[in-house]
Amino acid sequence: MLDLKFIRENPDTVKKGIESKNEKNRVDEIIALDTERRSIITKVEDLKARKNSVSQEVGKLKKAGQNADAIIAEMKQLGDDIKLRDDKLAEIDSSLNDILMWIPNLPHESVPFGKSSTDNVEARNWYPSGYEEFNFTPQDHLALGTKLNILDFERGAKITGSGFPVYKGKGATLERALINYMLDLHINKHGYTEIFPPFMVNADSMRGTGQLPKMADDMYTIERDGLYPIPTAEVPITNLHRNEIFEEDQLPVNYVGYSACFRREAGSYGKDSKGFLRVHQFNKVEMVKFVKPENSLAELENLVSDATEILENLKIPYRVLALCTGDLSFAAAKCYDLETWSPAENKWLEASSCSTFWNFQARRANIRFRKKEDKKLEFVHTLNGSGLATSRLMVSILENYQTSDGHIVVPEVLRKYTGFELI
RNA sequence: GGAGAGGUGGCUGAGUGGUCGAAGGCACUUGUCUUGAAAACAAGAGACCCUUUACGGGGUCCGUGGGUUCGAAUCCCACCCUCUCCGCCA
């Protein structure tokens with residue numbers, strides 16, 4: 001959520017920022033409502049001040065045994081007047097809030113301007129030393145997984161629906177190994193605290209991180225209980241501190257957590273939908289940071305480096321993309337995507353997204369910290385990054401580690417978790 | 001699912017219609033005292049919003065949302081959450 005005062009004082013900056021994200025700017029509408037709102041507030045608070053002081057007089061008069069009927073009658077009318085104006089105010093507040101909840105975060109000034117994903121900027125890429133292309137035609141992950149009997153998309157579709165993969169045998173073990181390896185690295189080497197969150201959250205949490213209201217169609221819902229299966233562990237973990245206040249020296253707080261992720265992927269059938277490329281349930285290890293504003297950008301770089309270390313240890317080629325304004329998500333101020341190489345698809349696949357949300361989520365979720373120097377409260381900055389999503393990573397592992405006879409060599413760092421070296 | 005108890009400021013805890021943003025205690029900040037610290041004493045200290053160049057002024061907030069009243073932390077209604085017991089259960 002953007003600061004209403006900031007919008008009021010910098011309407012042009014806000015308009016420009018919103019439009020660079022290809023979103024409709026409703027700034028003029030906001031300002032009109034805000035102006036009306038403030039004029040009502042001024043008036044109604046005047047009336048309330050009068051009501052408060054006169055009501056106290058009534059108390060005194062009654063105590064003194066005097067008659068207050070005339071004033072009481074007048075106050076009754078004043079009360080009705082206040083109620084009318086308060087109702088109007090509540091109406092305006094609610095429409096104003098509705099609009100504000102739909103206003104995206106502004107891109108940071110360092111974000112490259114662009115219309116769509118084709119305008120993203122490749123910051124760097126990485127290949128393991130001695131990397132060579134296959135001297136045979138590589139099979140894709142779906143063919144490999146099916147033949148080796150480690151993935152079963154068909155039965156997943158039977159028991160649940162399409163896009164709900166089943167991992168089997170060594171495939172299941174490999175998946176588990178990957179998750180454990182990533183968690184252990186972030187916990188033991190990078191100093192994150194592990195969180196194992198609930199996989200369902202309430203609507204307040206979804207609003208706090210910005211999934212609601214805009215992404216409602218992309219989420220599963222459990223209407224009867226008012227709950228939502230999480231699309232990412234970002235939601236429960238960031239909301240852990242909703243409506244809370246940190247002391248300055250507690251920051252930064254770094255969490256890492258595994259969760260299954262549930263996404264409806266509405267309207268995306270047909271494109272990239274083969275195998276793991278687009279699924280409704282997948283596994284992800286997510287890093288979440290709560291930091292002081294001045295450290296936001298540096299911490300974003302840390303997030304990227306913590307995530308890419310996994311890929312380098314797995315020896316998988318990757319590239320880092322700086323997302324352009326037009327490709328930035330609703331809540332993000334700045335974002336890097338990490339893409340891993342798929343030799344069979346012959347393209348890069350998004351395996352991680354590392355973002356700073358500036359104070360956008362912190363405002364929505366009301367997460368603040370008390371500054372040491374002047375004891376004032378200020379919103380924290382929140383960041384998160386996948387470290388990483390296993391589905392896309394699994395594609396890259398299977399395809400990059402395949403042998404000419406259709407087997408999979410287990411990446412070295414995972415072997416102590418799998419207990420086997422070959423699938 | 002059934003029965004009961006309860007939700008008050010950073011914590012604890014009083015308050016059952018009027019001057020209560022809310023006693024007392026703990027913790028906190030500042031000052032006095034002290035070589036320093038502790039203790040003691042004194043003072044101060046909440047969040048959000050509106051308004052003001054500023055000093056300041058005003059409003060809202062006692063789980064949430066409604067209602068009654070001139071006036072609600074206090075009365076009424078609905079909901080949410082926590083705890084205890086019973087039932088069921090991975």
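Convention: sequence-line order gives letters A, B, ...; per-chain numbering from 1. Only this structure's heavy atoms are used, side chains among them; waters, hydrogens and symmetry mates stay out. A quick note: this is a predicted structure, and the numbers were derived from the prediction, not measured.
Judged as a salt bridge (charged side-chain N to carboxylate O under 4.0 Å, His left out), the pairs with a partner in residues 235-252 of chain A (not counting sequence neighbours) are, in order, A/Glu248-A/Lys292, A/Asp249-A/Lys372. Among pairs with a residue in residues 323-343 of chain A, those fulfilling salt bridge (charged side-chain N to carboxylate O under 4.0 Å, His left out) read A/Arg319-A/Glu339, at least two apart in sequence or across chains.
For the residue pair A/Tyr167 and A/Asp152, no side-chain donor N or O sits within less than 3.5 Å of a side-chain acceptor on the partner. Checked by atom type, the side-chain pair A/Glu234/A/Thr209 shows no donor-acceptor distance below 3.5 Å.
Straight-line distance from the CD atom of A/Glu247 to the C1' atom of B/C28: 10 Å, rounded to whole Å. If you measure from atom CE of A/Met1 to atom C1' of B/C48, you get 13 Å, rounded to the nearest angstrom. In this structure, CG of A/Asn243 is placed 15 Å from C1' of B/G9, rounded to the nearest angstrom. B/C49 atom P lies 13 Å from atom CG of A/Leu96, rounded to whole Å.
Remark: A/Arg37, A/Arg38, A/Ile41, A/Thr42, A/Glu45 in residues 36-47 of chain A come within less than 4.0 Å of RNA chain B through at least one heavy atom.
Counting any heavy atom pair closer than 4.0 Å across all strands shown, A/Lys376 reaches no nucleic acid atom. Within 4.0 Å (heavy atoms only), A/Arg85 reaches no atom of the nucleic acid at all.
Heavy atoms only, all atoms of each residue included: A/Glu286 and A/Ser386 are closest at OE1-CA, 3.4 Å. Contact record, A/Cys324 with A/Asn120: N-OD1, 2.8 Å, taken as the closest heavy-atom pair.
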For residues 10-17 of chain A, which side-chain N or O atoms pair as donor and acceptor with protein atoms under 3.5 Å away, sequence neighbours left out?
residue	atom	partner	partner atom	Å
A/Asn10	ND2	A/Phe6	O	3.1
A/Lys15	NZ	A/Asp28	OD1	3.1

For residues 216-228 of chain A, tabulate all N or O donor-acceptor pairs below 3.5 Å that involve a side-chain atom, not counting sequence neighbours.
residue	atom	partner	partner atom	Å
A/Tyr220	OH	A/His280	ND1	3.4

Please report, to 0.1 Å, the donor-acceptor pairs under 3.5 Å made by any side chain of residues 35-49 of chain A, with sequence neighbours excluded.
residue	atom	partner	partner atom	Å
A/Thr35	OG1	A/Ile31	O	2.7
A/Arg37	NE	A/Asp93	OD1	3.1
A/Arg37	NH1	A/Asp34	OD1	3.3
A/Arg38	NE	A/Asp34	OD2	3.4
A/Ser39	OG	A/Glu36	O	3.3
A/Thr42	OG1	A/Arg38	O	2.7
A/Lys48	NZ	A/Asp86	OD2	3.2

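Nucleotides B/U29 and B/G10 place their C1' atoms 14 Å apart, quoted to the nearest Å. Nucleotides B/U60 and B/U64, compared at atom C1', are 16 Å apart to the nearest Å. Spacing of C1' atoms, B/U8 relative to B/C81, comes out at 15 Å, to the nearest Å. Distance noted for atom C1' between B/C80 and B/G65: 10 Å (whole Å). A gap of 16 Å separates the P atoms of B/G58 and B/A45, to the nearest Å. As rounded to the nearest Å, B/G63 and B/C26 have C1' atoms that lie 24 Å from one another. The separation of B/C62 from B/G9, taken at their C1' atoms, amounts to 9 Å, rounded to a whole angstrom. Atom name P, nucleotides B/G25 and B/A14: the rounded distance is 15 Å, in whole Å.
Two residues, A/Arg50 and A/Leu377, neighbour RNA chain B, and the one matched to the more 5' nucleotide by heavy-atom proximity is A/Leu377.
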Query - Heavy-atom protein contacts under 4.0 Å, nucleotides 63-74 of chain B, coded B base, S sugar-phosphate only, - none - result: ----S--BS---

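Here B/U19 is the nucleotide among B/G59, B/U19, B/C48 with the atom lying nearest to any side-chain atom of A/Lys60.
For A/Asn52 and B/G18, the shortest distance from a side-chain N or O to OP1 or OP2 is not below 4.0 Å. Phosphate proximity of B/C48 to A/Arg368: present, with a side-chain N or O under 4.0 Å from OP1 or OP2.
Residues passing the ring pair (Phe, Tyr, Trp, His ring centres under 6.0 Å) test with A/Phe360 are A/Phe330, sequence neighbours excluded. In this structure, A/Phe420 has no ring pair (Phe, Tyr, Trp, His ring centres under 6.0 Å) partners at least two apart in sequence or on a different chain. Looking at residues two or more places apart in sequence or on another chain, you find a ring pair (Phe, Tyr, Trp, His ring centres under 6.0 Å) between A/His241 and A/Phe246, A/Tyr255, A/Phe290. Applying the ring pair (Phe, Tyr, Trp, His ring centres under 6.0 Å) rule to A/Phe153 yields the partners A/Phe276; only residues at least two apart in sequence or on another chain are considered.
For the strand RNA chain B, secondary-structure stems (runs of at least three Watson-Crick or G-U pairs, all distances below 3.5 Å) span B:1-7 with B:80-86, B:10-12 with B:24-26, B:28-32 with B:40-44, B:46-51 with B:56-61, B:63-67 with B:75-79.
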